[in-house]
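Right, one structure below, let's go through it.
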Amino acid sequence: MSSSLPFVPLAFERLTPDVSLARARAHYAHVDRRRTTRHFSTDAVPRELIELAIRSAGTAPSGAHQQPWTFVAVSDAALKRQMREAAETEERAFYAGRATPEWLEALAPLGTDEHKPHLTDAPWVVVLFRQSYGYFPDGQKRTHFYAQESCGIAAGFFISAIHDMGLVCLTHTPSPMGFLGELLQRPTNEKAMLVMPVGYPAADAAVPDLTRKPLEAIAVWK
Ligand code: IYR
């Protein structure tokens with residue numbers, strides 16, 4: 001059994017209402033400029049930026065503070081090529097029949113297909129693995145509570161950090177993802193959850209002309 005932690009004072013600075021509002025507006029304007037793109041430049045990105053994005057992701061809240069995530073950051077060209085080949089094999093099967101007609105129809109406006117050049121163009125491909133369980137110091141299996149939710153939150157922090165540092169990323173979900181655990185030699189308690197190419201957008205990068213749901217459609221007040 002784990003013992004209780006000591007509690008320490010919360011480091012917190014209360015902002016004035018005006019400052020809060022100004023910051024809230026600036027934050028919204030900033031995140032509203034984020035777009036997912038599938039078109040990456042091959043320009044290099046320093047490892048330190050990826051390290052900082054992973055550190056930021058690692059500040060996410062998690063069930064019972066179990067931090068059930070592993071970020072595998074791949075820059076090795078041969079490994080990226082293997083990941084691309086394996087992902088495209090799965091995606092060919094997906095687009096050729098594994099996907100339901102309803103799914104393909106939902107994807108049609110986005111123009112996605114089985115070609116995944118971003119997996120070799122982007123200088124980094126970061127794969128988020130969810131640790132469905134961990135281990136006690138004595139080697140016994142230890143359940144990770146809300147691992148899916150925790151990793152989803154950490155992915156959000158990662159995406160936000162990448163945007164904030166002036167880079168772009170794509171949340172790619174090849175299905176099934178079993179090949180990633182094998183290629184990246186992850187232990188059996190880790191399941192691949194999200195593949196995120198990270199880099200600069202290509203000079204001719206384009207994005208679908210999407211709109212986001214307005215506040216009225218996503219918020220309910222009681
Ligand atoms: N995994 C496939 C299909 C796909 C699924 C969803 I949901 C998307 O938002 C986009 C694509 C692919 O990556 O092409």
Side-chain angles (χ1 to χ4, degrees), residues 31-42 45 50 53 57 69-77 79-130 132 147-163 167-184 186 190-202 204-214 217-218:
V31 297
D32 196 34
R33 280 194 297 272
R34 187 201 59 78
R35 289 301 311 262
T36 293
T37 183
R38 293 167 201 284
H39 308 135
F40 284 78
S41 157
T42 56
V45 164
I50 306 303
W69 41 65
T70 304
F71 292 84
V72 180
V74 182
S75 61
D76 182 80
L79 202 44
K80 286 193 295 178
R81 202 171 328 110
Q82 285 178 288
M83 286 167 53
R84 176 176 173 181
E85 278 166 19
E88 288 183 335
T89 298
E90 297 295 3
E91 299 291 15
R92 267 193 297 278
F94 174 87
Y95 286 97
R98 201 190 281 148
T100 60
E102 184 188 7
W103 198 342
L104 292 178
E105 203 178 309
L107 291 178
L110 303 179
T112 60
D113 60 24
E114 66 274 29
H115 302 292
K116 302 300 173 194
H118 42 262
L119 292 177
T120 45
D121 287 345
W124 292 95
V125 177
V126 177
V127 184
L128 170 54
F129 284 84
R130 179 184 75 253
S132 46
Q148 186 79 19
E149 290 82 352
S150 303
C151 287
I153 298 168
F157 276 41
F158 181 87
I159 293 162
S160 193
I162 291 296
H163 173 61
L167 299 174
V168 293
C169 77
L170 164 67
T171 42
H172 175 211
T173 50
S175 171
M177 294 197 205
F179 68 89
L180 290 162
E182 284 162 39
L183 273 178
L184 303 175
R186 300 314 304 159
E190 294 187 6
K191 300 285 175 250
M193 184 175 153
L194 213 45
V195 179
M196 293 176 287
V198 178
Y200 291 98
D204 61 351
V207 293
D209 190 11
L210 302 176
T211 53
R212 294 187 164 114
K213 289 183 179 176
I218 63 171

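Order of appearance sets the numbers: ligands from 1, and atoms from 1 within every ligand. Predicted, not measured: the structure shown is a model, and the values here were computed from it. Count residues from 1 along the sequence.
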Which heavy-atom pair separates Thr37 from Ala205 by the least distance, and what is that distance?
-> OG1-CB, 3.8 Å
Between Arg98 and Ser175, the two heavy atoms sitting closest are NH1-O, 2.7 Å
Atom 10 (C) of ligand 1: which protein heavy atom is closest, and how many Å away?
-> Leu107 CD2, 3.5 Å
Top protein contact for atom 1 (N) of ligand 1, by heavy-atom distance | Thr173 O, 2.9 Å
4.5 Å side-chain heavy-atom contact, Met83 and Lys116 | no
Under 4.5 Å between any side-chain heavy atoms of Arg38 and Pro208, yes or no?
-> no
Distance under 4.0 Å to a non-hydrogen atom of [X]: what atoms of ligand 1 satisfy this?
{"X": "His172", "value": "13 (O)"}
{"X": "Glu91", "value": "1 (N), 2 (C), 12 (C), 13 (O), 14 (O)"}
{"X": "Trp103", "value": "5 (C), 7 (I)"}
{"X": "Phe94", "value": "3 (C)"}
{"X": "Tyr95", "value": "2 (C), 3 (C), 11 (C), 12 (C), 14 (O)"}
{"X": "Lys116", "value": "12 (C), 13 (O), 14 (O)"}

Looking just at side-chain N and O atoms, do Thr36 and Arg34 make a donor-acceptor pair shorter than 3.5 Å?
-> yes
Using 30° and 60° as the class limits, which term best fits the ring planes of Phe158 and Phe71: parallel, tilted or perpendicular?
-> parallel
